[in-house]
Amino acid sequence: MVNRGLFIVLEGLDRSGKSTQVSRLHDQLEQDGHKARIQKFPDRITAIGKMIDSYLRSEAELDDRAVHLLFSANRWECCQAIEQSLQDGVTVIADRYAFSGIAFSAAKGLPFDFCASPDIGLPLPDVTLYLTVSPAAAAKRAAYGTERYEQVDLQNRVREQFKLVADKVRTMHGPDRWVEVDAEGSIDQVWERIWSQVKAIESKKGEQIHRLWT
Ligand code: Z5A
Ligand code: MG
């Protein structure tokens, strides 16, 4: 039987370097002869993703709960393809996932449990690598863009919510499912930390896929 692919999620605050490291991980896996693909959330290409995109760029106004559910629906519409890839032996690297969904919406004031519930039953990542970077270090990177959530106050509240998300993952799914990675230092230094974590979960390829928040 062919081993399934790994499901790896990178999470973190704005400018923690997720997309940079996701792309590097993808390239390294392919170079090593593994099949891998990137799944970015939000996936702005789908019909739902286009609604999210115009909301983030402040071209459309939406109720907080409505947009929260759209982010979740955007994951559900990609879920079958993710599971198929994993079965086909393709490693899926997600750039953000349901954890961003909770952290951002709860930071806006929605109840935490409301934020978690629409994602119950999605595929559970083998590991979520949470990239940590201090506000001071983040400020030295490229400036915030112009999207709706790119504001210091909100990002600080998101940071607090991510701590609660981490607790929930560790309690419900085990401590090894949520790993903090120090994202300060050079891109190469961060990459070394990520790569050592990815190598540590090789054995999960023999395990069945579990469900989020169950
Ligand atoms: N959102 C939500 O509300 N609900 C949900 O369910 C989901 C998302 C899934 C858009 O996300 C917004 O959607 C997001 C959360 C919300 N809002 N915010 N904020 P996005 O993923 O599309 O956002 P983005 O535009 O890709 O930004 P980002 O992901 O936050 O950035 P990043 O991927 O972490 O960083 P990066 O692009 O790799 O790097 C940023 C810059 O730093 C860049 O110039 C790099 O060259 C530089 N960089 C990277 N690493 C380093 C190191 N090590 N040293 C120095 N400089 C570095
Ligand atoms: Mg990014």
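Both counts, for ligands and for their atoms, begin at 1 and track the order of listing.
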Which residue supplies the protein heavy atom nearest to atom 10 (C) of ligand 1, what is that atom called, and how far is it? Arg44 NH2, 3.4 Å
Residue and atom name of the nearest protein heavy atom (relative to atom 18 (N) of ligand 1), distance in Å to one decimal: Phe104 CE2, 3.5 Å
Do the side chains of Arg211 and Glu83 get close enough for a salt bridge, i.e. N-O under 4.0 angstrom? yes
Got the closest protein heavy atom to atom 30 (O) of ligand 1, with its distance? Asp14 OD1, 2.4 Å
Nearest heavy atom to atom 54 (N) of ligand 1, choosing from Gly185, Ser23, Cys115, Ala98, belongs to Gly185
I'd like to check Lys168 versus Trp213 (side-chain heavy atoms, cut-off strictly below 4.5 Å). Are they in contact? yes
Could you work out the complete set of other residues in the hydrophobic cluster of Leu131, with links drawn between I, L, V, M, F, W and Y side chains under 4.5 Å apart? Leu6, Ile8, Leu10, Val22, Leu25, Leu29, Ile38, Ile93, Val127, Leu129, Val179, Val181, Val190, Trp191, Ile194, Trp195, Val198, Ile201
Counting from 1 in the order shown, the ligand 1 atoms closer than 4.0 Å to a non-hydrogen atom of Phe41 are 9 (C)
Looking at ligand 1, does Lys140 have a heavy atom less than 4.0 Å from it? no
Anything protein N/O/S under 2.8 Å from the Mg ion (ligand 2)? Just list residue and atom, please. Ser19 OG
For atom 6 (O) of ligand 1, what is the closest protein heavy atom, and at what distance to 0.1 Å? Arg75 NH1, 2.8 Å
Tyr97 and Pro125, any side-chain heavy atoms less than 4.5 Å apart: yes
Give a yes or no on this: more than 12 heavy atoms of other residues, nucleotides or ligands lie within 6.0 Å of atom CD1 of Ile45. no
All heavy atoms of Arg37 vs all of Val90, minimum pair found to be N-CG1, 3.9 Å
I need the single residue from Ser19, Ser100, Ser23 that forms a side chain to side chain donor-acceptor pair (under 3.5 Å) with Asp95. Which is it? Ser19
If you measure from the Lys or Arg side-chain nitrogens to the Asp or Glu carboxylate oxygens, is any gap between Glu160 and Lys163 under 4.0 Å? yes
Decide, yes or no, whether a salt bridge links Asp126 with Lys204 under the criterion of side-chain N to carboxylate O below 4.0 Å. no
Angle class for the Phe162/Phe104 ring planes (parallel below 30°, perpendicular above 60°, tilted otherwise)? perpendicular
Would you indicate which of Asp188, Thr20, Ile187 comes nearest to atom 51 (C) of ligand 1 when only heavy atoms are counted? Ile187
Under 3.5 Å, is there a donor on one side chain and an acceptor on the other for Asp27 and Gln31? no
Which of the numbered atoms in ligand 1 are under 4.0 angstrom from any heavy atom belonging to Ser16? 34 (O)
Starting from atom 12 (C) of ligand 1, which protein heavy atom do you reach first, and at what distance in Å? Leu56 CD1, 3.9 Å
In the protein, what heavy atom is nearest to atom 16 (C) of ligand 1, and what distance, to one decimal place, separates them? Tyr149 CD1, 3.9 Å
Which option wins on minimum heavy-atom distance to atom 14 (C) of ligand 1: Lys108, Arg96, Gln155, Arg148? Arg96
Look at Arg148 together with Glu61 and state whether they make a salt bridge at an N to O cut-off of under 4.0 Å. yes
Among all protein heavy atoms in this structure, tell me which lies nearest to atom 8 (C) of ligand 1, with the distance rounded to 0.1 Å. Phe71 CE2, 3.6 Å
Could you check atom 37 (O) of ligand 1 against the protein and tell me its nearest heavy-atom contact, residue, atom and distance included? Ser19 CB, 4.0 Å
Determine, for Glu202 against Lys205, whether the closest basic-nitrogen to carboxylate-oxygen distance falls under 4.0 angstrom. yes
With rounding to the nearest 0.5 Å, note down the distance linking CD in Glu77 to CZ in Arg75. 11.0 Å
Nearest option to atom 42 (O) of ligand 1, as decided by whichever heavy atom of Arg141, Gln151, Glu150, Lys18 sits closest: Arg141
Between ligand 1 and Ser186, can you find any atom pair, the residue atom being a heavy atom, that is separated by under 4.0 Å? yes
